[in-house]
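No experiment lies behind these values; they were computed from the predicted model shown.
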Amino acid sequence: QVQLVESGGGLVQAGGSLRLSCAASGRTFSPYIMGWFRQAPAKEREIVGTINWRAGRANYADSVKGRFTISRDNAKNTVYLQMNSLKPEDTAVYYCAAVISLGRGYDSWGQGTQVTVSS
């Protein structure tokens, strides 16, 4: 199995920025898709965005479009989530996940990192 570790979360004021990182273990890492998800207290987990690992093409949920940017560094086996213009409603635990095999969905998940945006 692949191990994913998120980092970079913290407490920021509304309007501020954070960059989350998700590093994958192993010397070989070639997922089809990497996704960022978040879950706020008492809410369902929701998708933030995805990135095609090979092409670097990203898609975003409407709620974060224009504010968040997903990128990846293939050489470092790392995917990033740059979050700008943060809002209190962005407060959640953020997870990265990997689609390793087609047809299996997201079968590898990180432990999550807390992002708290104060007003």
Between F37 and Y106, how do the two ring planes meet: parallel, tilted or perpendicular, split at 30° and 60°? perpendicular
Between the side chain of E6 and the main-chain N/O of C96, is any donor-acceptor distance below 3.5 Å? yes
Close side-chain approach of V99 and D107, heavy atoms under 4.5 Å: no
Who are the salt bridge (Lys or Arg N to Asp or Glu O under 4.0 Å) partners of K65, not counting sequence neighbours? D62
Does any donor atom in the side chain of T78 or D73 lie under 3.5 Å from an acceptor atom in the other side chain? no
Is I100 close to V2 at the side-chain level, that is, under 4.5 Å between some pair of heavy atoms? yes
Does some side-chain heavy atom of M34 sit less than 4.5 Å from a side-chain heavy atom of C22? yes
So K43 and R38, do their side chains get closer than 4.5 Å, heavy atoms only? no
In this structure, are over 12 heavy atoms from other groups packed under 6.0 Å from Q13 atom CD? no
Gap between atom CG of L20 and atom OH of Y80 - 0.5 Å precision: 12.0 Å
Which pair of heavy atoms, one from A14 and one from S119, lies closest together, and at what distance? CB-CA, 4.5 Å
Is it true that a side-chain atom of S108 and a backbone atom of A97 form a donor plus acceptor pair closer than 3.5 Å? no
R72/N74 under side-chain hydrogen bond (donor to acceptor under 3.5 Å, both in side chains): CA gap, chis, key distance, verdict: CA-CA 6 Å; R72 89 278 189 260; N74 299 58; 3.2 Å; yes
Write down the atom of S85, the atom of S17, and the distance for their closest heavy-atom approach. N-OG, 4.3 Å
If we only count heavy atoms from C-beta on, is the W36 to I47 side-chain gap below 4.5 Å? no
Does the side chain of L18 reach to within under 4.5 Å of the side chain of L86, using non-hydrogen atoms? yes
Is it true that I33 and Y60 fall in one hydrophobic cluster, defined by side-chain heavy atoms closer than 4.5 Å? no
For the pair V79 and I70, evaluate side chain to side chain contact (heavy atoms under 4.5 Å, CB included) and give the outcome as yes or no after the intermediate values. CA-CA 7 Å; V79 63; I70 301 174; 3.8 Å; yes
May I ask you to test the D90-R67 pair for a side-chain heavy-atom distance under 4.5 Å? yes
Walk me through whether F68 and V48 qualify under side chain to side chain contact (heavy atoms under 4.5 Å, CB included). CA-CA 9 Å; F68 290 11; V48 175; 3.7 Å; yes
Those residues that, when tested against Y95, pass ring-ring contact (aromatic ring centres under 6.0 Å, His included) (two or more places apart): none
Would you kindly confirm whether F29 and L102 end up in one hydrophobic cluster when ILVMFWY residues are joined by side chain heavy atoms under 4.5 Å apart? no
Determine whether N52 and Y32 make a side-chain contact, defined as any pair of heavy atoms from C-beta on separated by less than 4.5 Å. no
When you compare the side chains of Q114 and T116, does any donor N or O come within less than 3.5 Å of an acceptor on the partner? yes
Gap separating the CE atom of M83 from the OH atom of Y94, nearest 0.5 angstrom: 5.5 Å
Can you tell me if Q82 has over 12 outside heavy atoms packed within less than 6.0 Å of its CD? yes
